[in-house]
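Just below is one structure, and these are the notes that go with it.
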Amino acid sequence: MPAKDMFHDSAKAALLKDGWTITHDPLSLRMGKKDFFVDLGAEKLLAAEKDNQKIAVEIKSFVSQSEIRDLENALGQYVLYHNILSVLEPDRVLYLAVRESVFVDLFEETIGKLLLDRQVLKLLTFDPEMEVLKRWIN
């Protein structure tokens, strides 16, 4: 089992405050002989549609000396998990969770805007001190 990200508990608390039920911590997936672990699985009942929405959340800290290296690693993991989920749990939507400050520093810059404009990934941001969700970007 992989180590938890340093902001795992605050991201999880933010999801719980937002009304999500954590169903898996971590969400383990098996493809062939290989095991994979997405940080969280969660579900939320959408009252307006009377239907369950399922998500998987990969939490990333971006605390190394190179935020671009962190971005490369996060994108690689996101693409891998996104493709595995599309086969094993196609009703679950994958989000990359980052601190709001990472969003401002990286995803409001040209490279981050390029990824979001091309819909390469889905993001959710959170405030780790307040343990609240800030943005959902689809």
Side-chain angles (χ1 to χ4, degrees):
M1 180 126 7
K4 290 182 178 178
D5 183 272
M6 67 187 308
F7 293 103
H8 181 97
D9 290 337
S10 56
K12 181 178 174 180
L15 284 163
L16 289 169
K17 281 184 181 177
D18 197 53
W20 290 87
T21 300
I22 304 301
T23 58
H24 303 80
D25 183 8
L27 173 62
S28 61
L29 304 168
R30 177 168 265 261
M31 171 106 358
K33 297 179 181 176
K34 303 294 183 189
D35 293 317
F36 304 90
F37 301 94
V38 182
D39 288 328
L40 296 172
E43 294 179 49
K44 184 176 186 179
L45 184 63
L46 296 176
E49 297 181 7
K50 304 272 187 206
D51 194 12
N52 287 326
Q53 181 183 7
K54 293 182 177 180
I55 62 173
V57 179
E58 182 61 25
I59 304 159
K60 290 297 174 198
S61 295
F62 287 81
V63 292
S64 78
Q65 292 187 358
S66 171
E67 64 184 6
I68 296 303
R69 175 60 58 133
D70 287 344
L71 179 62
E72 291 169 343
N73 290 335
L75 284 174
Q77 211 167 15
Y78 182 91
V79 168
L80 180 65
Y81 294 164
H82 177 76
N83 281 285
I84 293 169
L85 282 170
S86 73
V87 173
L88 299 179
E89 296 196 35
D91 60 333
R92 195 176 293 276
V93 178
L94 179 63
Y95 285 88
L96 178 66
V98 298
R99 291 172 289 136
E100 178 68 12
S101 59
V102 170
F103 178 82
V104 171
D105 289 345
L106 190 58
F107 290 94
E108 289 187 345
E109 289 293 321
T110 304
I111 186 62
K113 287 180 180 176
L114 174 69
L115 296 172
L116 296 177
D117 288 347
R118 295 184 182 216
Q119 300 176 335
V120 172
L121 71 163
K122 298 180 185 304
L123 275 181
L124 71 86
T125 70
F126 62 96
D127 179 330
E129 284 87 34
M130 300 295 293
E131 297 182 335
V132 294
L133 298 180
K134 302 296 281 186
R135 304 178 203 226
W136 292 87
I137 301 169
N138 291 303

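Computed over heavy atoms, backbone and side chain alike; hydrogens, waters and symmetry mates excluded.
Here the side chains of Met31 and Leu88 are in contact, with some heavy-atom distance below 4.5 Å. Side-chain contact between Glu131 and Phe126: absent, with no pair of heavy atoms (C-beta onward) separated by less than 4.5 Å. Between Leu116 and Phe103, the closest side-chain pair of non-hydrogen atoms falls below 4.5 Å. Within the 4.5 Å cutoff, the side chain of Arg99 has heavy atoms near those of the Val63 side chain. Contact check for Asn138 versus Tyr95: side-chain heavy atoms found under the 4.5 Å cut-off. A heavy-atom distance below 4.5 Å is found between the side chains of Ile55 and Leu15. Side chains of Gln53 and Trp20 form a contact here, defined as non-hydrogen atoms less than 4.5 Å apart. Two residues are said to be in side-chain contact when any heavy atoms from C-beta on lie closer than 4.5 Å; Phe107 and Lys113 fail this criterion.
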Practice task
Using the side-chain contact (heavy atoms from CB on, under 4.5 Å) rule, take Phe62 and Leu71 through it: C-alpha gap first, then chi angles, then the decisive distance, then the call.
Solution key: CA-CA 8 Å; Phe62 287 81; Leu71 179 62; 4.0 Å; yes
Handout entry: Pair Leu27-Glu89, side-chain contact (heavy atoms from CB on, under 4.5 Å): steps then yes or no
Key = CA-CA 11 Å; Leu27 173 62; Glu89 296 196 35; 3.8 Å; yes
Exercise for the section: Step by step, work out the side-chain contact (heavy atoms from CB on, under 4.5 Å) result for Glu100 and Met130. Expected result: CA-CA 11 Å; Glu100 178 68 12; Met130 300 295 293; over 6 Å; no
Exercise for the section: Before giving the answer on side-chain contact (heavy atoms from CB on, under 4.5 Å), spell out for Ile68 and Leu106 the whole-Å C-alpha distance, their side-chain angles and the decisive distance to 0.1 Å. Expected result: CA-CA 9 Å; Ile68 296 303; Leu106 190 58; 4.2 Å; yes
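A donor-acceptor pair is defined here as one N or O able to donate and one able to accept, closer than 3.5 Å; such a pair exists between the side chain of Tyr81 and the backbone of Phe37. Asn83 places a side-chain N or O within 3.5 Å of a backbone atom of Val79 that can act as its donor or acceptor partner. Between the Lys12 side chain and the Asp39 main chain, no donor and acceptor come within less than 3.5 Å of each other.
Within 6.0 Å of CZ on Arg30 lie more than 12 heavy atoms contributed by other residues, nucleotides or ligands. Atom CZ of Arg69 sits in a sparse spot, with 12 or fewer heavy atoms from other residues, nucleotides or ligands closer than 6.0 Å.
Hydrophobic clustering (ILVMFWY, side-chain heavy atoms < 4.5 Å, transitive): Leu80 and Val120 are in one cluster. Under the 4.5 Å side-chain heavy-atom criterion for Ile, Leu, Val, Met, Phe, Trp and Tyr, Ile59 and Leu75 are members of distinct hydrophobic clusters. Placement of Leu123 and Val102 within a single hydrophobic cluster is found when ILVMFWY residues are connected by side-chain heavy-atom separations under 4.5 Å, directly or transitively. The same ILVMFWY cluster, assembled from side-chain heavy atoms under 4.5 Å apart, contains both Leu85 and Phe36. Cluster membership for Met6 and Leu96, using ILVMFWY side-chain heavy atoms within less than 4.5 angstrom, is not shared.
The structure places OG of Ser101 at 11.0 Å from NZ of Lys134, a figure rounded to the nearest 0.5 Å. One distance of note links CD1 of Ile111 with CD of Glu67; it measures 11.0 Å at 0.5 Å rounding. For the atom pair Ile137 CD1 and Leu115 CG, the distance stands at 11.5 Å (nearest 0.5 Å). One finds the NE2 atom of His82 at 14.5 Å from the CZ atom of Arg92 (value rounded to the nearest 0.5 Å).
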